[in-house]
Protein chains: 2
Amino acid sequence: MRPTMRDVARRAGVSLKTVSRVVNGEDGVRPDTTAKVNAAISALGFRRNDIARALRGGKRTRSLGLVIKDVANPFYSQIARGVEEVARAHDLLVISGCSDEDPARERHLIRSLCERRVDGLLVVPSGTDHRYLIPEISMGTPAVFIDRPPEEALEADVVLIDSVGGARTAVDHLVRHGHRRIACLSDLPGIFTASERLRGYREALGEHGVPVDEALVRPGRHDVAGAESAMAELLALDDPPTAVFTGNNRLTVGALRAVQAAGAGTALVGFDDLELADMLATPVTVVAHQPVEMGRRAAELLCRRMAGEELPPQRVVLPTHLIVRGSGELPPP
Amino acid sequence: MRPTMRDVARRAGVSLKTVSRVVNGEDGVRPDTTAKVNAAISALGFRRNDIARALRGGKRTRSLGLVIKDVANPFYSQIARGVEEVARAHDLLVISGCSDEDPARERHLIRSLCERRVDGLLVVPSGTDHRYLIPEISMGTPAVFIDRPPEEALEADVVLIDSVGGARTAVDHLVRHGHRRIACLSDLPGIFTASERLRGYREALGEHGVPVDEALVRPGRHDVAGAESAMAELLALDDPPTAVFTGNNRLTVGALRAVQAAGAGTALVGFDDLELADMLATPVTVVAHQPVEMGRRAAELLCRRMAGEELPPQRVVLPTHLIVRGSGELPPP
DNA sequence: AGATGAGATGACAACGTTGTCGTCCTGAGA
DNA sequence: TCTCAGGACGACAACGTTGTCATCTCATCT
């Protein structure tokens, strides 16, 4: 159905190779020949077959693979946006997929991407063991990890957010506003950022000499509904928390819903900024960061690797900043 | 660097073709041979080269192209999510790119996708002329349009939202709550959904015998900042509107900001739902719809086309529904 | 006129895989 | 023992492109 260079050549009355030269803008073709070839190309609607091109060239497919958790989550879609910007600048295409935090799905995706010979991989890793990537990397498909590091054994670049620092800032802020009973909602403990933020929470409390009440720590919540019910339970305690730190945007939304439903005046600081956070009845204080920039930085690192640059594995940690809006400054009752 | 089937064959002491058989699970290979080949495969870390496979097979690359406006916008990222779900079910990979509403960028993207021989295209079209897609479609790369139809001349499937109906519902709702001076913020007039929603606005006013005050109609706003300043201008009029209909999620956010900044009690109904819309000081009444479902339906249509099904061009129009939350029910002063 | 060289063009192989077809071997049946 | 069928496996071509090298055509110079 689709014409090949051979068809174009036949129609233009030249050889296959001459068509190739014209298509690739090589010189050494007479203007009139070029014109004949171009006429044939547009008459037939020829499009160079990049599949064959990549095969013959033996090397670059000019594409990179991106594995995130869920593109519908603004955090990840912003990462994707940053990646896309850099890809565009380098004339690369992005093949992306969602792991939904399922290691098997992630592995299947990465396998498919490698089979398609993407030039590089950007991964927000889900499982705990990514050693299966070692052969891929050593065989020339570089990988950069985003938001979570791989295992020690795996030498690869990684771009992170300062989760511990951000969490400490959040909890410190709440303590300074007079809170002692501060709850923490966090994601599944297997997720690096979740455990790091929980660690930051504990560290900040420790620094202020506030004992951690384990009844107020609710890990393992990974969606809005889970966070909402956990927060509702916390508010129903005999001695409920006066403040809460939420470990990501999903959990913040869930907690906000529960607090509002209970009509409670619980103080809240959330990790990740939210659109409209400043417009709620009580504007939401958050630990903000730069997800788009994280995608950009990761993609740029990857491009350098793809260009063959040899560096020791890089570890980029992007800063967070507290945005004070109101919910984090509510006093204890 | 990466081993080929030939390398595996050499190592296993069999022929290339036998490796191919094992890799593809064909029968007619003795168990002990299969074992030898599999051993060689894992020893070498062999991954079948899908580039070569697609070239040789001559047909399917098992990938589809997705062109949206901006993956960081929740509306489009939800569409992408729906597409990804269907792609996953069909074992397809998604190559996506953002046009940023730039026809040249869109065309470049689509050209690249066709050169990579994606099996099908999903496009939220940006420009006005998509006839350049006709040869691609007729040469076997089916296309399905999302959110906006292509020109008349282009026979292709399209999945839309009932923009006119949704806008009419919104404006009708405002009129029924006593408003007569109802403003409208809408996107660039060249965008199908923008003009459709503006049309719905005019129709609804007309039905109620309310004359359209062109001073209250502000088209051509395409981001939060533009909407915010337009809304601020409207509020500064001698005879400001008592209500506003906003044509998409960006414009709703901008208008909300301006209304809140001015401390105005302007009623508002927005097209597109927003996360946290129910939790604002004045919860936001919206015309909601199903972007994820739109992505799914489009991808499913595309898969049917890719499977070779011949149907007349389909036009799917997904319904909207009004979610009453408060901002749309504010009375005029 | 013949040699020379530059510029234009073409023939051919190769990238890694799979479809087609041919060959070889084994065991069953005559 | 010979034939034959069928299973197991291999040789070869082809997919569409590009790198390498060869060839061909003139215009120029001696």
Side-chain angles (χ1 to χ4, degrees), chain A residues 1-38 40-41 44-63 112 114-119 139-141, chain B residues 1-38 40-41 44-63 112 114-119 139-141:
Chain A
M1 202 71 182
R2 281 197 179 268
T4 72
M5 281 192 180
R6 176 168 271 98
D7 300 318
V8 174
R10 202 155 19 221
R11 173 150 186 150
V14 298
S15 83
L16 178 56
K17 180 63 197 181
T18 298
V19 176
S20 173
R21 278 191 258 262
V22 171
V23 168
N24 292 295
E26 294 171 25
D27 51 2
V29 182
R30 284 206 320 256
D32 58 330
T33 309
T34 304
K36 270 192 306 185
V37 171
N38 281 325
I41 285 176
L44 295 174
F46 169 80
R47 291 274 172 276
R48 174 173 60 194
N49 185 331
D50 268 345
I51 298 290
R53 183 181 164 80
L55 179 61
R56 166 60 225 229
K59 12 202 114 283
R60 301 289 167 224
T61 57
R62 304 214 60 74
S63 59
S112 298
C114 287
E115 288 182 348
R116 260 166 236 226
R117 296 295 189 268
V118 292
D119 298 333
M139 280 172 195
T141 306
Chain B
M1 204 73 184
R2 282 196 178 268
T4 70
M5 282 192 179
R6 174 167 274 100
D7 300 318
V8 174
R10 200 153 23 221
R11 172 148 187 151
V14 299
S15 82
L16 177 60
K17 179 65 197 181
T18 297
V19 177
S20 172
R21 279 191 258 261
V22 171
V23 167
N24 293 295
E26 294 171 25
D27 51 3
V29 182
R30 283 206 321 254
D32 58 331
T33 309
T34 304
K36 271 191 306 185
V37 170
N38 280 326
I41 285 175
L44 296 173
F46 169 79
R47 292 273 173 277
R48 174 174 59 193
N49 185 330
D50 269 347
I51 297 291
R53 184 180 162 81
L55 180 60
R56 168 59 226 227
K59 9 201 114 282
R60 298 289 165 224
T61 57
R62 305 213 60 72
S63 59
S112 298
C114 287
E115 288 182 349
R116 261 162 236 230
R117 297 294 190 267
V118 292
D119 297 334
M139 280 172 196
T141 305

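All chains are named by letter (A, B, ...) in the order of the sequence lines, taking the proteins before the strands, and each is independently numbered beginning at 1.
Residue B/Lys17 has its side chain nearest to C/dG19 when only D/dT17, C/dG19, D/dT18 are considered.
Nucleotides of DNA chain D nearest to B/Ser15 and B/Ala52 differ in position, and the one nearer the 5' end is that of B/Ser15.
Every residue meeting the side-chain contact (heavy atoms from CB on, under 4.5 Å) condition with A/Asp7, not counting sequence neighbours, appears here in chain and number order: A/Pro3, A/Thr4, A/Arg10, A/Leu44. For A/Arg48, the side chain to side chain donor-acceptor pair (under 3.5 Å) test picks out A/Asn24, with sequence neighbours left out. Residues forming a side-chain contact (heavy atoms from CB on, under 4.5 Å) with B/Leu16 (at least two apart in sequence, or on another chain): B/Met5, B/Arg6. For B/Arg47, the salt bridge (Lys or Arg N to Asp or Glu O under 4.0 Å) partners are A/Glu136, not counting sequence neighbours. Take A/Thr61 and apply the side chain to side chain donor-acceptor pair (under 3.5 Å) test, not counting sequence neighbours, and it matches A/Ser63, A/Asp119.
For the pair B/Arg117 CZ and D/dC15 C1', the interatomic distance rounds to 12 Å; values are reported in whole Å. One interatomic measurement links the two molecules: CZ of B/Arg56 to P of C/dA14, which rounds to 18 Å at whole-angstrom precision. The CZ atom of B/Arg6 sits 9 Å away from the P atom of C/dT17 (whole-angstrom rounding).
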Detail all sub-3.5 Å separations between protein N/O atoms and N/O atoms belonging to nucleotides 21-28 of chain C.
none

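Counting atom types as modelled, A/Arg53 pairs no side-chain N or O with a base atom of D/dT17 as donor and acceptor under 3.5 Å.
For the pair B/Ser20 and B/Val23, the minimum side-chain heavy-atom distance is 4.5 Å or more. Proximity of B/Cys114 to A/Arg2: side-chain heavy atoms (C-beta onward) are separated by under 4.5 Å at one or more points.
B/Val22 pairs with exactly one of B/Thr33, B/Val8, B/Val37, B/Val14 by the side chain to side chain contact (heavy atoms under 4.5 Å, CB included) rule, that one being B/Val37.
Within residues 24-37 of chain B, the residues having any heavy atom closer than 4.0 Å to DNA chain D are, in order of number, B/Gly28, B/Val29, B/Arg30, B/Thr33.
Counting non-hydrogen atoms under 4.0 angstrom, B/Val14 reaches the backbone sugars and phosphates but no base. Contact annotation for B/Ser20: base contact, defined as any heavy-atom pair under 4.0 Å involving a base atom. Nucleic acid contact class of A/Leu16 (heavy atoms, under 4.0 Å, all strands): base.
The heavy-atom pair separating B/Arg60 from B/Ala54 by the smallest distance is O-CB, 3.8 Å. Closest non-hydrogen pair, A/Thr141 versus A/Val118, comes out as CG2-O, 3.8 Å.
At its two ends the helix from C/dA1-D/dT30 to C/dA30-D/dT1 runs along axes set 70° apart, each axis drawn from five pairs and the angle rounded to 10°.
Listed by first then second residue, pairs satisfying salt bridge (Lys or Arg N to Asp or Glu O under 4.0 Å) with a partner in residues 19-30 of chain B read B/Arg30-B/Asp32, not counting sequence neighbours.
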